[in-house]
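A short write-up of the structure that comes next.
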Amino acid sequence: VKKSNVVSSILGKHWQQAPQNAVGKAFAPTNIALCKYWGKRNQELNLPLTSSLSISLGNKGAFVELTRQDGEHDIVILNGQPVASDASFYKKLVNFLDLFRPQNAMRLRADIQSNIPIAAGLASSACGFASIAMALNDLFGWQLNTTELSILARLGSGSASRSIEPGFVEWQAGSREDGMDSYAVSLSETWPELCVGLLIVSEREKILSSREAMQRTVESSALYPAWPAKVSHDLVELKQAIANHDFALLGKAAESNATTMHATMLSAWPAIQYAVPETLLAMQTVWKLRSEGLALYFTQDAGPNIKLLFEKHNVATIQSHFPQVEILQPFKKGKHI
Ligand code: 2P0
């Protein structure tokens, strides 16, 4: 099954018809996985080996305006700066847009405004592809639902499937070969007290893309066979924690999911380690503070930075121990960009 088969089956008669509107606009939040997506069963369609569960970060994400562009090339502007045509983000984006062009091969201009701290390496592809999928829907007037948008966003980047909706989101792995049952579903619960703290410990570039790292882990880690069972266990705990607002259970499940994911990578060959010394120091500080009674947990993605998890009543304490932390409230209402 090819990406274009999935697109044509979702868009039906609308596929490759001209845009209905002059401009397509959309905002998509970025998301942080509490139970991670690590390993694909299908590389082409970004179909995961397991389900995952994330939290969308409120008004932190990407706002896109898509317009038609004369000439031979797409133009991608990120925060006012043109993205070079040899940049990997440009190439990934153009490949994605190729799936949707009408027969006359119309070119597009994508003006993307992101308010995620750039150095955080915070799943920019997640909100990027989700916002592009939603803006295409607006430009072409397809009137797709969130399930269809989640499937389309996944074709750009797996984690983008989880960035269509706010709040807690579960990406259900599904089992079909064409991935039509692999999309994200929003959980209805909210948790206004919940905070995420971004701890930028290093601005170093990513050592290895998530795509390559997860593939190498699946193929060579002796620990990978234990991962799907760990995910199933953590998903049960996370849903229970969310339903009961049990912060200690949420923190434990999220932190141990992240450390287990990184353990599978460390046991890959060649070994993959996204942590730098400052990452480990931050983890040790979290563990020390927790042993002293502070309800503080962390998670870590495919990079050296740490995301702290805590509740609103502990904000002042967290700030005193981590003066450089940027605190986000996923359930706080607010304007985008
Ligand atoms: C996640 N990550 O669940 C996991 C945890 C990073 C660590 O999803 O190859 O950019 O485009 O499907 O979505 C990052 O991987 O990978 C990611 P592709 P993606 O958030």
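Indexing begins at 1, ligand by ligand and atom by atom, following the structure's order.
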*Has the side chain of Gln43 got a donor or acceptor atom that lies under 3.5 Å from a matching backbone atom of Asn46?*
no
_Under a 4.0 angstrom heavy-atom cut-off, which atoms of ligand 1 come close to Lys36?_
3 (O), 5 (C)
*Mark up the atoms of ligand 1 that fall under 4.0 Å of a heavy atom belonging to Ser159, in ascending order.*
8 (O), 10 (O), 13 (O), 19 (P)
_For the 3.5 Å polar cut-off, considering only N or O atoms, please tell me whether Met214 and ligand 1 meet it._
no
*Is there a donor in the side chain of Ser256 and an acceptor in the side chain of Lys230, or the other way round, less than 3.5 Å apart?*
yes
*Before signing off on this row, confirm whether Tyr37 and ligand 1 have an N or O atom pair separated by under 3.5 Å.*
yes
*Which of the numbered atoms in ligand 1 are below 4.0 angstrom from a heavy atom of Arg211?*
9 (O)
*Ignoring hydrogens and angles, state whether a donor on the side chain of Lys36 or Thr299 is under 3.5 Å from an acceptor on the partner side chain.*
yes
*NE2 of His233 to OG1 of Thr260: how many Å apart, nearest 0.5 Å?*
10.5 Å
*For ligand 1, the portion of Arg154 having any non-hydrogen atom under 4.0 Å away*: neither
_Connected-component partners of Val169 among ILVMFWY, side-chain separation under 4.5 Å_ = none
_Element-labelled atoms of ligand 1 that are located less than 4.0 Å from some non-hydrogen atom of Lys40_ = 9 (O), 12 (O), 18 (P)
*Which atoms from ligand 1 have a heavy atom of Lys92 less than 4.0 Å away?*
11 (O)
*Check each atom of ligand 1 against the heavy atoms of Ala33 and keep those under 4.0 Å away; list them by number with element.*
1 (C), 3 (O), 20 (O)
*Which of these, Gly128, Ser210, Ala302, Gly303, has its nearest heavy atom closest to atom 14 (C) of ligand 1?*
Ser210
*Would one find an N or O of Asn31, backbone or side chain, under 3.5 Å from an N or O of ligand 1?*
no
*Given side chains that start at C-beta, do those of Trp15 and Phe140 come closer than 4.5 Å, heavy atoms only?*
no
*Hey, is the main chain of Asn59 close enough, under 3.5 Å, to the side chain of Asn115 for a donor-acceptor pair?*
yes
*Less than 4.5 Å apart, any side-chain heavy atom of Leu238 and any of Leu250?*
yes
*Below 4.0 angstrom from a heavy atom of Trp38, which ligand 1 atoms are there? Numbered from 1 as shown, please.*
6 (C), 7 (C)
*May I ask you to decide if the ring planes of His262 and Tyr274 are parallel, tilted or perpendicular, using 30° and 60° as cut-offs?*
perpendicular
*asked:* Among Ser52, Ser157, Cys35, Ala153, which one puts a heavy atom closest to atom 19 (P) of ligand 1?
replied: Ser157
*Ligand-side contact atoms (ligand 1) for residue partner Asn46, heavy atom cut-off under 4.0 Å*: 12 (O)
